Amino acid sequence: MRLTSPLSKRQQLLTQLNECRCKTLELFINITDDIFCQQAHPDFSPIGWHLGHIGFTEAYWILEQCAGLSPQFSQYNCLFHAMGLPKIERQNLPTKETIFDYLQTIREQVLTYLEIAPIEQQERLWYWLLQHESQHNETISFVLQLLQRQENGFYPQLNFSNLISSQKTLSQQMVKITAGEFEMGSNTLGTQDNERPTHRVYLDDYWLDIYPVTCLEYRQFMQSRGYQKRQFWSKEGWQWLENNPVSSPLYWVESSDWDNHPVCGVSYYEAEAYANFIGKRLPTEAEWEKAASWDNLTQQKYDYPWGNTQPTSQICNFDNFVGHTTPVNTYEANCSPFGCYDMLGNVWEWTASWFVHYKGFESYPYQGYSESYFDHQHRVLRGGSWATRPWGLRNSFRNWYHPWTRQILVGFRCAK
Ligand code: AVJ
Ligand code: FE
């Protein structure tokens, strides 16, 4: 007897599609048409565009490519295509209500098709779609935060329990990750093309911070005039700083209540400068993944730092449960076999690695999904943030951004 029948796979997919969509629509509850169309930053599209693009992508892959239906809503072909209009021209959008109806119409057809779809052959595509929606969902979350910040200097109010754990004394420590091979990447169904195939990687001994760098730690760098001192910055980093004269992380809050929170909203250059200041360096993505996933005793790899059980709101800060960062020592169970905390959730972490393919890479579901970014212009980020949805939270997940990006929910930890 097969353990999973095609029928139960269908049901599982249906449940997950519904869950993921609820999480997406939830973000739009109090959104006016104004905010819907507003561009918070030149590098990011309005949240309304992301919503339309989610529907467009689902329609293209499921209704056109799988079900063989002819294209509908041709008025959106250019508007909601990722390669369609320049970002600056994506503000002239249909109303929120129109886009909601569009998504609903697509989704009804998709669910009708799901009842008869050859799931066994298409499973990877359906999971890719969940990933895709999740990632745009996270972008919507931080674009909303950017807009709120710009409008009223909004920053999150900490609740009581966050304040309490902030008050515990917390000092950064490092753990030694012993030399040896580990298994990098993942071949499981829900993973992206760029995480595959798994391969063995040998690393020498190295040390890694047990926590992401906190605001308390980073303040030292600011107070030592780190933003003014050329010596800490790489050539590109200093050039970036000269053109973008900033003096604190984008999501910085000047209050001791935030001391134990991870730094959030730094470019790769700022992370690199801090590491130089403190006499350390940024980890490579292999160093990050080994520390998060490898059990040296059993020579086994885990999907999550705590093992193979799925994440919950009790274990780590993700999925918008909290809605902002939490002190890096809040989740005791969010600890890897090597003893590193908070590797998944809270903030993404910059790594020193360029986003490049693993040996044996095969693009999926289209050539440019990852391949267009294997250009030595994008750094790898690991670990997920407080807004990362379950479909994108795992040890092997690779995110990528230009090193100057600081609008995302990103911090870092150091190695040496
Ligand atoms: C991997 C998050 C940078 O949002 O641009 C979404 C993912 N690719 N649609 C992005 C993606 C195509 C990508 N990031
Ligand atoms: Fe997309």
Side-chain angles (χ1 to χ4, degrees), residues 20-21 23-24 27 39-62 64-65 76-87 90 99 102-103 106 125-146 190-196 267-268 285 318 347-351 353-358 361 363-394 396-410:
C20 187
R21 183 54 52 84
K23 290 173 194 288
T24 300
L27 298 174
Q39 192 175 29
H41 184 275
D43 290 348
F44 298 95
S45 306
I47 62 167
W49 183 87
H50 287 280
L51 190 65
H53 170 78
I54 286 169
F56 176 83
T57 305
E58 188 169 295
Y60 176 75
W61 287 104
I62 301 297
E64 292 177 39
Q65 296 299 306
Y76 296 152
N77 273 350
C78 182
L79 177 61
F80 291 138
H81 196 290
M83 299 292 145
L85 299 171
K87 292 199 173 82
R90 292 175 179 175
I99 306 289
Y102 169 58
L103 258 72
I106 302 289
L125 183 65
W126 289 89
Y127 278 106
W128 179 83
L129 269 175
L130 286 163
Q131 299 270 334
H132 182 261
E133 180 161 346
S134 299
Q135 289 185 68
H136 282 283
N137 183 302
E138 173 161 354
T139 307
I140 292 164
S141 286
F142 69 73
V143 167
L144 276 174
Q145 180 180 278
L146 269 179
T191 58
Q192 309 270 56
D193 60 359
N194 59 63
E195 292 164 76
R196 306 176 185 210
S267 63
Y268 176 84
E285 63 167 326
F318 79 120
V347 287
W348 288 99
E349 300 178 23
W350 285 114
T351 74
S353 303
W354 293 115
F355 184 54
V356 292
H357 70 278
Y358 294 161
F361 169 84
S363 59
Y364 185 88
Y366 55 94
Q367 195 188 357
Y369 178 69
S370 296
E371 220 169 302
S372 305
Y373 305 91
F374 294 152
D375 56 2
H376 287 246
Q377 302 288 320
H378 295 80
R379 297 280 181 183
V380 174
L381 300 95
R382 294 302 201 105
S385 76
W386 56 259
T388 302
R389 298 306 187 177
W391 299 277
L393 195 87
R394 57 181 168 270
S396 60
F397 191 92
R398 308 168 76 201
N399 203 350
W400 66 85
Y401 279 101
H402 286 300
W404 55 81
T405 312
R406 63 206 298 265
Q407 289 70 32
I408 51 180
L409 307 169
V410 59

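Treat the numbers as computed from the prediction; the structure is a model and nothing was measured. Order of listing sets the numbers, starting from 1, for every ligand and every atom in it.
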Asker: What is the nearest protein non-hydrogen atom to atom 2 (C) of ligand 1, stated with its residue, atom name and distance?
Answerer: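 I find the closest protein heavy atom is Q135 OE1, 3.2 Å.
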Asker: Do the side chain of R398 and the main chain of V356 share a donor and acceptor less than 3.5 angstrom apart?
Answerer: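 A pair under 3.5 Å: yes.
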Asker: Which N, O or S atom name in H132 marks its closest approach to the Fe ion (ligand 2)?
Answerer: NE2
Asker: When you measure from the centre of the six-membered ring of W400, is the NZ or CZ of R379 closer than 6.0 Å and no more than 45° off the axis?
Answerer: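 Not satisfied by the 6.0 Å and 45° rule.
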Asker: For the pair S353 (side chain) and E285 (backbone), establish whether a donor and an acceptor sit closer than 3.5 Å, ignoring hydrogens and angles.
Answerer: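 Yes, because the side chain of S353 sits within donor-acceptor range (under 3.5 Å) of the backbone of E285.
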Asker: Please verify the inter-ring angle class for F361 with F374; under 30° counts as parallel, over 60° as perpendicular, anything in between as tilted.
Answerer: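 Geometry flag for F374 against F361: perpendicular rings.
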Asker: Within ligand 1, which atoms have a heavy atom of N399 less than 4.0 Å away?
Answerer: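 Near N399, meaning under 4.0 Å from one of its heavy atoms, ligand 1 has 1 (C), 2 (C), 3 (C), 14 (N).
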Asker: Any nitrogen or oxygen of T139 lying under 3.5 Å from a nitrogen or oxygen in ligand 1? Just yes or no.
Answerer: no
Asker: Can you find a protein heavy atom under 4.0 Å from atom 5 (O) of ligand 1?
Answerer: no
Asker: Counting from 1, what ligand 1 atoms have a heavy atom of H136 closer than 4.0 Å?
Answerer: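 Reading through ligand 1 atom by atom, the close ones are 6 (C), 9 (N).
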Asker: Using only atom types and a distance under 3.5 Å, with no angle test, would you say the side chain of Q39 pairs donor to acceptor with the backbone of F44?
Answerer: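 Judged by distance alone, yes, a pair lies under 3.5 Å.
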Asker: With no hydrogens and no angle check, is any side-chain donor or acceptor of R90 less than 3.5 Å from a backbone partner on L79?
Answerer: no
Asker: Could you say whether the N/O atoms of W400 and ligand 1 ever approach to under 3.5 Å?
Answerer: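 For ligand 1, there is no N or O atom that lies under 3.5 Å from one belonging to W400.
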Asker: Is there a protein heavy atom less than 4.0 Å away from atom 10 (C) of ligand 1?
Answerer: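 There is no protein heavy atom less than 4.0 Å from atom 10 (C) of ligand 1.
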Asker: Looking at T405 and Y401, would you say the former's side chain and the latter's main chain have a donor-acceptor pair under 3.5 Å?
Answerer: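 No, because the side chain of T405 does not come within donor-acceptor range (under 3.5 Å) of the backbone of Y401.
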Asker: Quick test: of every protein heavy atom, which one is nearest to atom 8 (N) of ligand 1, and how far off is it to 0.1 Å?
Answerer: Y369 CE1, 3.3 Å
Asker: Just jot down the ligand 1 atoms closer than 4.0 angstrom to any heavy atom of Y401, in number order.
Answerer: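 Under 4.0 Å from Y401, ligand 1 has these atoms: 2 (C), 3 (C).
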